Student: 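Below are the structure tokens for one structure; questions will follow.
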Amino acid sequence: MLIEPQAGHRPDLDGKTWVVGGLRAVHAAPTDPQTPDDPADRTLCGQDTAALEKHSYHPDSPGAHWYPANLTPWVCATCDAALRA
């Protein structure tokens, strides 16, 4: 899961300040085949992942959402649809 910050905002992932004022969207990306802990170069909606922040969330059970519930308003609809397809 990747966080797209608002333009000019540098999220504080430890303090979660991006949730309050700096979050633009939440994206999904496939894993990099060379480095499985890192995202590939593009999100599922085609955005470059270089400018996005990696989030530590992992679903805790099969069938769980790929994002935490508190970030639902910011989920990229294109990424979400691609994961559901």
Side-chain angles (χ1 to χ4, degrees):
M1 186 180 82
L2 299 165
I3 302 295
E4 178 184 356
Q6 291 285 352
H9 184 79
R10 297 196 51 85
D12 172 9
L13 295 178
D14 293 326
K16 306 287 190 267
T17 58
W18 46 264
V19 173
V20 176
L23 179 62
R24 175 174 281 172
V26 176
H27 296 280
T31 59
D32 183 330
Q34 303 295 323
T35 314
D37 287 339
D38 289 336
D41 293 339
R42 297 269 171 204
T43 64
L44 295 177
C45 67
Q47 189 165 352
D48 185 356
T49 60
L52 306 179
E53 298 288 332
K54 194 164 76 169
H55 190 284
S56 62
Y57 176 78
H58 294 285
D60 58 3
S61 63
H65 289 293
W66 57 272
Y67 52 87
N70 66 321
L71 298 184
T72 300
W74 296 281
V75 170
C76 171
T78 304
C79 287
D80 192 43
L83 282 171
R84 294 179 189 278

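Since this is a predicted model, take the numbers as computed values, not measurements.
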Student: Any donor-acceptor pair under 3.5 Å linking the side chain of Thr43 with the backbone of His27?
Tutor: no

Student: How close do Tyr67 and Tyr57 get, counting heavy atoms only, and between which atoms?
Tutor: C-CE2, 3.4 Å

Student: Could you note down all residue pairs passing salt bridge (Lys or Arg N to Asp or Glu O under 4.0 Å) where residues 66-77 supplies at least one of them, sequence neighbours left out?
Tutor: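 Qualifying pairs, neighbours excluded: none.
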
Student: Quick one, Leu2 with Val26, criterion side chain to side chain contact (heavy atoms under 4.5 Å, CB included). Give me CA distance, side-chain angles, the key distance, then yes/no.
Tutor: CA-CA 6 Å; Leu2 299 165; Val26 176; over 6 Å; no

Student: Looking only at heavy atoms, what is the nearest atom pair of Asp48 and Ala50, with distance?
Tutor: OD1-N, 3.0 Å

Student: Going by the rule salt bridge (Lys or Arg N to Asp or Glu O under 4.0 Å), which residues pair with Asp41 if we only count those two or more places apart in sequence or in a different chain?
Tutor: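 Not a single residue meets the salt bridge (Lys or Arg N to Asp or Glu O under 4.0 Å) criterion with Asp41.
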
Student: Between Thr72 and Ala69, is there a donor-acceptor pair closer than 3.5 Å when you use the side chain of the first and the backbone of the second?
Tutor: yes

Student: Work out which heavy atom in Gln34 is nearest to a heavy atom in Asp32; give both atom names and the distance.
Tutor: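 Nearest heavy atoms, Gln34 then Asp32: N-OD1, 2.8 Å.
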
Student: Identify each donor-acceptor pair in which a side-chain atom of residues 76-85 lies under 3.5 Å from a protein atom, sequence neighbours left out, and give them as a table.
Tutor:
{"unit_1": "Asp80", "atom_1": "OD1", "unit_2": "Trp66", "atom_2": "NE1", "d": "2.8"}
{"unit_1": "Asp80", "atom_1": "OD1", "unit_2": "Arg84", "atom_2": "NE", "d": "3.4"}
{"unit_1": "Asp80", "atom_1": "OD2", "unit_2": "Arg84", "atom_2": "NE", "d": "3.0"}

Student: Do Pro39 and Thr31 come close enough that some side-chain heavy atom pair is under 4.5 Å?
Tutor: no

Student: Just how far is it from atom CG of Leu23 to atom NE2 of His55, taken to the nearest 0.5 Å?
Tutor: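 It is 9.0 Å, given to the nearest 0.5 Å.
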
Student: Which residues pass the side chain to side chain contact (heavy atoms under 4.5 Å, CB included) test with Asp37, sequence neighbours left out?
Tutor: none

Student: Can you name the side chain to side chain donor-acceptor pair (under 3.5 Å) partners of Asp38, sequence neighbours left out?
Tutor: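 Counting only residues at least two positions away or on another chain, Asp38 forms a side chain to side chain donor-acceptor pair (under 3.5 Å) with Lys54.
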
Student: Rounded to the nearest 0.5 Å, how far does CE of Met1 lie from CG of Leu52?
Tutor: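 The CE atom of Met1 is 11.5 Å from CG of Leu52, to the nearest 0.5 Å.
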
